[in-house]
Amino acid sequence: MNKILSTVLLAWLGTSASVVYAATSFLNVSYDPTREFYQEYNKSFGEYWKKRTGQDVDFKQSHGGSGKQARAVIDGLQADVVTLALANDIDEIANVGLIKKNWQKEFPHNSAPYTSTIVFLVRKGNPKQIKDWNDLTKPGVEIITPNPKTGGAPRWIYLAAWGYALKQPGGNDAKARELVKKLYHNVKVLDSGARGSLTTFAERGIGDVLLSWENEALLATQQGSGKEQYEIIYPSISILAEPSVAIVDKTVDKDGNRNLAKGYLNYLYSPLGQDLAAKYNFRPRDAKAAAKYAGKFPKIKLFTIGDVFGGWAKAQKTHFVNGAIYDQISAEKP
């Protein structure tokens, strides 16, 4: 009887120990171009968190077009945090009650820890002589860009082109619409996300120009023989892209990960987090990190979505909801 009891007790202790020391599962749902960044970031933060709390964390990542990722969370994907391409996608999640409405006030810079912008990636020598947004409307130019209906980068791209047209002498909405219409009629392949477009352009060899996140364009020139194959063109003016982050309150309240989630996103603003962001070609917010990597990120004239479009909610309604301007120009003949 004692032998049986001892066996049961040992089995129970073994089970108990495995539960006590099991790593905590944690999911970051992010957009296309952050895969490599968050792989290293998770390792760095995991080591910091282990030293600070003794807690082991099993980090999981999910990547795709920002809009599709937001929809996946709304439809039940149990994210602890979201790190998406634009604030509007997080607002969509907040609108169904999974994230607090005032999420932008939880972290510095409206919960946007790093920035980027939109640039052109062309083949070496720039055979089509593409130098600015208006060059993208010329006959025979084949453009690769993601779909504004499914990703965050393509909405930044679309708005960057629209804002460029508005800021030209005599610029107005009619001229902006015409430029953007011509641009999208030159699109050869419309992928669902930024990373898919990079693959189409770089690996499949399709198109004359990729409209891209700056960080994705830099990545293409840094890998393999990319420096010999591609070059980055900075247009005369572009948009300040501000990828956003938030805690998914509904999830962390259920799984007990709120402190972990808060620490995870706060670490993005730390010197180490900012340094990693710059290493993976995102423009850091921290002044010291920005100065350290100043040579990596050329100065460019930028406008904000608030300045030109009145914020994301207004821009989304005017340009991207079903039946709005993007759908209208897509249906029109060249």
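Please read these numbers as outputs of a predicted model, since none were measured by experiment. Because only heavy atoms are used, hydrogens play no part in the values below, and waters and symmetry mates are left out as well, while side chains stay in.
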Any salt bridge linking [X] with [Y]? Criterion: basic side-chain nitrogen under 4.0 Å from a carboxylate oxygen.
| X | Y | answer |
| --- | --- | --- |
| E36 | R195 | yes |
| D275 | K279 | no |
| D253 | R258 | yes |
| K128 | D135 | no |

How about K296: does its NZ atom have over 12 heavy atoms from other parts shown lying under 6.0 Å from it?
yes

Around atom CG of D58, are there more than 12 heavy atoms of other residues, nucleotides or ligands at under 6.0 Å?
yes

Say whether [X] and [Y], considering side chains only, have a donor N or O and an acceptor N or O under 3.5 Å apart.
| X | Y | answer |
| --- | --- | --- |
| N322 | K149 | yes |
| T251 | D80 | no |
| Y31 | H63 | no |
| N134 | T137 | no |

Any donor and acceptor pair, going by atom type alone, linking the side chain of [X] with main-chain N or O of [Y] inside 3.5 Å?
| X | Y | result |
| --- | --- | --- |
| N95 | D91 | yes |
| T34 | T83 | no |
| D286 | K288 | yes |
| E142 | I206 | no |

Please determine whether residues [X] and [Y] belong to a single hydrophobic cluster, defined as Ile, Leu, Val, Met, Phe, Trp and Tyr linked transitively by side-chain heavy-atom distances below 4.5 Å.
| X | Y | answer |
| --- | --- | --- |
| V245 | V29 | no |
| L179 | I237 | yes |
| F201 | I233 | no |

Let me see the working for S62 and N28 under side-chain contact (heavy atoms from CB on, under 4.5 Å), right down to the final yes or no.
CA-CA 6 Å; S62 173; N28 173 9; over 6 Å; no

Could you list the cluster mates of V321? Members are the ILVMFWY residues connected by side-chain heavy atoms closer than 4.5 Å, either directly or through other members.
none

Determine whether Q61 and Y38 make a side-chain contact, defined as any pair of heavy atoms from C-beta on separated by less than 4.5 Å.
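Q61 reaches Y38 side chain to side chain.
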
Candidates F37, W213, Y293 - the one meeting ring pair (Phe, Tyr, Trp, His ring centres under 6.0 Å) with F282:
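Result for ring pair (Phe, Tyr, Trp, His ring centres under 6.0 Å) with F282: F37.
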
Have a look at L218 and tell me which of L121, N281, V119 forms a side-chain contact (heavy atoms from CB on, under 4.5 Å) with it.
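Of L121, N281, V119, side-chain contact (heavy atoms from CB on, under 4.5 Å) with L218 is met by N281 alone.
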
With side-chain contact (heavy atoms from CB on, under 4.5 Å) as the test, pick out the partner of V82 among D89, I99, L77.
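Exactly one pass, corresponding to I99.
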
Can Y264 and N257 be said to form a side chain to side chain donor-acceptor pair (under 3.5 Å), step by step?
CA-CA 10 Å; Y264 184 85; N257 279 348; over 6 Å; no

What distance separates F45 CZ from F59 CZ, expressed to the nearest 0.5 Å?
5.5 Å

List in chain and number order the residues that pass ring pair (Phe, Tyr, Trp, His ring centres under 6.0 Å) with F297, two or more places apart in sequence or in another chain; answer none if no residue qualifies.
none

Reference residue E242; test side-chain hydrogen bond (donor to acceptor under 3.5 Å, both in side chains); the match among R283, H109, R285:
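The side-chain hydrogen bond (donor to acceptor under 3.5 Å, both in side chains) with E242 is passed solely by R285 among R283, H109, R285.
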
Could you list the residues that satisfy salt bridge (charged side-chain N to carboxylate O under 4.0 Å, His left out) with E332, not counting sequence neighbours?
R177, K181

